[in-house]
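Just so we're clear, the structure is a prediction, and the values are computed from it rather than from any experiment. Hydrogens, waters and symmetry mates are skipped; everything else that's a heavy atom, side chains included, is used.
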Amino acid sequence: MRVPRTRRDSNPNGRTRVAESSAFLSIMILITASGATMLYATTVTIANVVLPQMQGTLSATQDQIAWVVTFNLVATAVATPMTGWLTGRLGRRRLMLWSILGFTGASIACGTAPSLEVLVVYRIAQGFFGAPLVPLSQAIILDTFPRRQHGLVTALWGVGVVIGPIIGPTVGGYIAEALSWRWVFYMLGPVGLLAFVGAFFTIRASANDKSSRLDWTGFLTLSVAITALQLMLDRGERQDWFESAEILAEGAVAVTAFYLFAVHSLSSDRPFLNPRLLLDRNFALGMVMALVFGMLNFTPMVLFPPLLQDLRDFPDSIIGWLLATRGIGNLASFFLAVWLTRIDPRLALTVGFGSQALSSLAVAQLDINLTIFDIAWTSTLQGFGVGMTWVPLTVITFATLNPRYLSEGTAIFHLMRNMGASIYISICVALVIRSSQANYATLVEQVTPYKEGLRFEWVLGAWDISSVSGLAAISSETARQAAMIGYLNAFHLIAFTGFAALPMLLLVRMPKSTPP
């Protein structure tokens, strides 16, 4: 039977129905894109909650369990610049579907990992598949809605980025405490499948660009360089740094690969990452500040869980709530950041970097008897600083960049942010371990029968230096105090890094008309 056609141009009601249908589809696309972004943002924080539990199950040391975070960030950093090429080859719809499906499968596989090495491989796959989700989701919503609505829909889309770090640690902490850390990854399966179904029915296919090509030489040399550098930093403390042939080999590979990447990028017509973009002063400064932003953003989330569980015996559920306060601070700064950025992005960025530095400096003043309130308010302040930094940093970085270089510039921007996070996490974990060992050696020198103060019972309390059990208890407490000093030193370093970024803002030059 032939279906009669409706004349929508002569029927006002028909035009209304078509407009309502189009508006409904656009809203569903926005919800789907936000959901995919929230899925990725949740995973970034949810694994940090269960780091101590994974460390015990997999018999890993503190520097080894950090690989679960650092190599995920490395994979994301390397794969993010490939988004444009993959979009051209596969189209937005197919790339989104494959990314969600691969990300969900890798997440479930993380829960089945029998060893640390296998878990790291699955986390690398998770980072590789998850890398296109954020830039692709943003591109889809900007293409779906008219330009006059871009400010509103970008803000609504950004809510997913903010809510993810609140929901993830909270729910993940309860699940890990009730079941195990593996179920934290299993629970991402249904959420990922729901996002896949939403993308399948709402996102429309886009035209493929088969002519787009990838600079494989630049991509491979950069990947090898970043991986070798990350291995060197992650294993350096364990292998006694450059006293080890392995560390020397990894350092040599990293330097050689970076050199080949730089030479190829400067001599190629279409390099993987265009170094000529650094001729723009604001963009070059933005890359340095993006590196610092990555350092300040992720590192406290890796340091807090082992500190709270190993030194204070906090359960996973409480740790999850404390990490979620960071998301609350982020949410509180969401609209204030936009308002301050309209006045002057440098002012907003000063507040952002300053808040993160002050938060770490406040943590560095605590002692072993820190409370839930101490972590809650400092974590909230740190999240507030992260939210205040992101919008103005983006505006400053791309304020003077030629619009035709926007895609390449965005890729480099996210690469630097993730590289800063992965490298700095390894440096801070190594500082905690080395500082803890040095301070333990210093503190045990004071525990001796010849120490005048230890002759008084009221000084020793329940400890007894004349018995093996008493000495073991003193040794345990000494190690605990030494580890706390190690964490405080790491937070001092984070605070110094945040304050060191502020003078760079004096070099920024904003055009007369700043984009919102």
Side-chain angles (χ1 to χ4, degrees), residues 3 6 8 13-44 46 76 79-80 82-108 126-168 171 187-210 212 334 406-407 410 414:
V3 180
T6 57
R8 287 176 289 188
N13 293 330
R15 287 199 301 271
T16 302
R17 286 194 296 269
V18 171
E20 289 176 352
S21 175
S22 177
F24 175 77
L25 180 61
S26 298
I27 292 173
M28 292 305 299
I29 291 174
L30 176 60
I31 293 174
T32 300
S34 300
T37 305
M38 187 170 65
L39 175 66
Y40 174 78
T42 300
T43 311
V44 171
I46 200 171
T76 304
T80 298
M82 296 179 65
T83 302
W85 175 75
L86 289 171
T87 302
R89 303 295 294 181
L90 300 176
R92 288 178 181 171
R93 185 173 187 272
R94 291 176 62 189
L95 178 58
M96 176 65 84
L97 293 175
W98 279 110
S99 296
I100 294 175
L101 194 62
F103 183 82
T104 303
S107 300
I108 297 174
Q126 192 183 49
F128 185 85
F129 281 107
L133 289 178
V134 175
L136 193 59
S137 297
Q138 188 172 19
I140 288 173
I141 64 168
L142 293 179
D143 189 49
T144 301
F145 290 86
R147 183 175 293 274
R148 67 178 185 277
Q149 296 179 346
H150 281 184
L152 175 61
V153 296
T154 301
L156 295 175
W157 170 78
V159 172
V161 182
V162 176
I163 293 180
I166 299 176
I167 297 176
V171 177
M187 82 171 196
L188 296 174
V191 180
L193 292 177
L194 185 62
F196 178 84
V197 172
F200 184 85
F201 286 105
T202 59
I203 296 178
R204 293 162 291 188
S206 61
N208 294 7
D209 183 12
K210 298 296 184 182
S212 64
F334 196 70
L406 187 59
S407 298
T410 304
H414 289 289

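Contact detail for L136 and M96: the closest heavy-atom pair is CD2-N, 3.5 Å. A pairwise comparison of heavy atoms in T76 and A131 identifies O-CB, 3.7 Å as the closest pair. Counting all heavy atoms, side chain and backbone alike, W98 lies closest to F129 at O-CD2, 3.9 Å.
Here the side chains of P132 and M82 are not in contact, with every heavy-atom distance at 4.5 Å or above.
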Let me have the donor-acceptor pairs involving side chains of residues 101-108, under 3.5 Å, with sequence neighbours excluded, atom names and distances please.
residue, atom, partner, partner atom, Å
T104, OG1, I100, O, 2.7
S107, OG, F103, O, 2.8
S107, OG, Q126, NE2, 2.7

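The 12-atom threshold is not exceeded at CZ of F128, counting heavy atoms of other residues, nucleotides or ligands nearer than 6.0 Å.
Applying the side chain to side chain donor-acceptor pair (under 3.5 Å) test to every pair with at least one member in residues 187-203, sequence neighbours left out, gives these pairs: T32-T202.
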